[in-house]
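Take a look at the structure set out below.
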Amino acid sequence: MVRIATWNVNSIRSRIDRVEAWLQRTDVDVLAMQETKCREDQFPFDRFEALGYEVAHHGLNQWNGVAIVSRVGLEDVSRGFPDLPHWGEPAVEEARAIGATCAGIRLWSLYVPNGRALDDPHMDYKLAWLDRLRVQTEAWAAEQVPFALMGDWNIAPQDEDVWSMEYYLDKSHVSPPERAAFQAVLDAGVTDVVRPHTSEPGTFTYWDYTRLAFQKRRGMRIDFILASDPLAKRVQGAAIDREERKGKGASDHAPVVIEVEA
DNA sequence: ATGGTTGTCGAACAA
């Protein structure tokens, strides 16, 4: 059994103690992280290597940043994928995607742009980014190598994935264009392998730091593991580690874990 | 109370 997880850590430098403790506690073999928020030279490689993990990181500045750590092999690292849209002034490609092959599975750690607001240029960037991911997913699905798209999608695909549709109605993450973009990736050849094992109402992966959102159970399900059909058939179980959102120094996202038949 | 919190080579901005 291989245990594979994804987690938006919201700064690896401020979270490293908790991430290290979590890995030791949960016996996870591969962890995809998002929002490492650091450059290559700032990443705490030694902390993971001391635990027996190989590390691949993609970080360009204090924003975004994605990584994969693995103790079951880590090969053929890709930073980004073709034709990703650019952002900023000057417009550049951001560190939002890294891929690696671990235990024969092609894994991607993805940090989909936030979108910010329905009328914000960042929303156009988000939708363009997701369309490129859709194109890539079609290509990967045709290759027959088992693969998974893991990360923070910044989309709540279904009404039950937010604590209140009324609250989010005029905000990003739930709009029809965003949901259509998410569905288009699914249609390209992957399925959500976590939801079938975590279908309880009120199951979320993210809770805002403000307004006592976690304590009031006001969250969103926006972190997903989407697997190709050959891999999906091997998924034996899945869980969202809500406990990790508790206490001082927690990320605002919870880790999401799947168990895969070796 | 147009509020709250966390992170970043901060002093605004992103989430």
Side-chain angles (χ1 to χ4, degrees), chain A residues 6-22 32-44 47 57-67 84-97 109-130 150-157 161-164 166-175 178 181-182 204-224 241-256:
Chain A
T6 185
W7 189 6
N8 181 322
V9 296
N10 186 16
S11 171
I12 190 57
R13 285 176 292 172
S14 67
R15 208 73 60 211
I16 182 61
D17 287 347
R18 278 189 77 132
V19 173
E20 183 180 281
W22 185 82
M33 288 175 276
Q34 300 85 39
E35 282 209 87
T36 57
K37 287 186 168 178
C38 68
R39 300 185 308 265
E40 207 67 0
D41 59 293
Q42 300 171 308
F43 191 92
R47 298 288 293 272
H57 176 244
H58 182 29
L60 301 171
N61 51 43
Q62 70 269 44
W63 307 120
N64 315 303
V66 283
L84 279 170
H86 293 188
W87 177 257
E89 187 56 52
V92 294
E93 184 178 322
E94 299 184 306
R96 294 180 176 275
S109 179
L110 305 172
Y111 179 44
V112 177
N114 181 287
R116 299 180 185 169
L118 299 184
D119 60 353
D120 194 297
H122 209 263
M123 180 60 71
D124 301 326
Y125 172 52
K126 178 181 195 173
L127 295 173
W129 201 96
L130 284 162
M150 313 193 291
D152 177 357
W153 296 75
N154 275 311
I155 295 172
D161 296 337
V162 296
W163 65 273
S164 163
E166 185 182 19
Y167 178 82
Y168 283 104
L169 214 48
D170 59 346
K171 298 178 176 61
S172 71
H173 292 53
V174 301
S175 72
E178 290 168 280
F182 185 85
F204 304 127
T205 65
Y206 162 86
W207 298 261
D208 196 301
Y209 280 129
T210 69
R211 289 171 283 203
L212 298 173
F214 182 67
Q215 291 84 340
K216 293 180 178 176
R217 299 181 177 271
R218 295 178 172 179
M220 312 175 82
R221 186 197 288 253
I222 56 175
D223 299 87
F224 297 93
D241 192 352
R242 186 179 182 281
E243 291 298 304
E244 181 54 40
R245 180 62 178 78
K246 295 180 178 176
K248 185 176 169 56
S251 169
D252 42 4
H253 294 252
V256 181

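Everything numeric here is computed off the predicted structure, so don't read it as measured data. Sequence lines set the chain letters: A, B, ... in the order given, protein chains first and strands last, and positions in each chain run from 1.
No side-chain donor-acceptor contact under 3.5 Å links A/Ser11 and A/Glu35. Inspection of the A/Asn154 and A/Lys126 side chains reveals no N or O donor paired with an N or O acceptor under 3.5 Å. Side-chain contact of A/Trp7 with A/Asp152: a donor-acceptor pair under 3.5 Å is absent, judged by distance alone.
The residue A/Arg15 sits close only to the backbone: its heavy atoms come under 4.0 Å of sugar-phosphate atoms, none of a base.
Among residues two or more places apart in sequence or in another chain, the salt bridge (Lys or Arg N to Asp or Glu O under 4.0 Å) test is passed with A/Asp17 by A/Arg47.
For the pair A/Lys171 and A/Tyr167, the cation sits on the ring face: its NZ or CZ lies under 6.0 Å from the ring centre, inside 45° of the axis.
B/dA14 and B/dC9 are spaced 15 Å apart, taking the P atom of each and rounding to whole Å. Nucleotides B/dA12 and B/dA1 are separated by 26 Å at their P atoms, to the nearest Å. Between B/dT2 and B/dG7, the distance separating the two C1' atoms is 24 Å to the nearest Å. B/dG3 and B/dT8: their P atoms are spaced 24 Å apart (whole Å). For B/dT5 and B/dG10, the P atoms lie 23 Å apart once the distance is rounded to whole Å.
For DNA chain B, the span of nucleotides reached by chain A at under 4.0 Å from its heavy atoms goes, 5' to 3', from B/dG4 to B/dA15.
Residue whose closest nucleotide on DNA chain B sits further toward the 5' end, between A/Ser11 and A/Asp152: A/Ser11.
When the options A/Tyr206, A/Phe224, A/Phe204 are evaluated for a ring-ring contact (aromatic ring centres under 6.0 Å, His included) with A/His253, the one that passes is A/Tyr206.
In the region residues 206-215 of chain A, proximity to DNA chain B at under 4.0 angstrom, judged on heavy atoms, holds for A/Tyr209, A/Thr210, A/Arg211.
Side-chain contact between A/Leu130 and A/Phe182 is absent, with no heavy atoms from C-beta onward closer than 4.5 Å.
Heavy-atom neighbours of A/Glu166 CD from other residues, nucleotides or ligands within 6.0 Å: at or below the threshold of 12.
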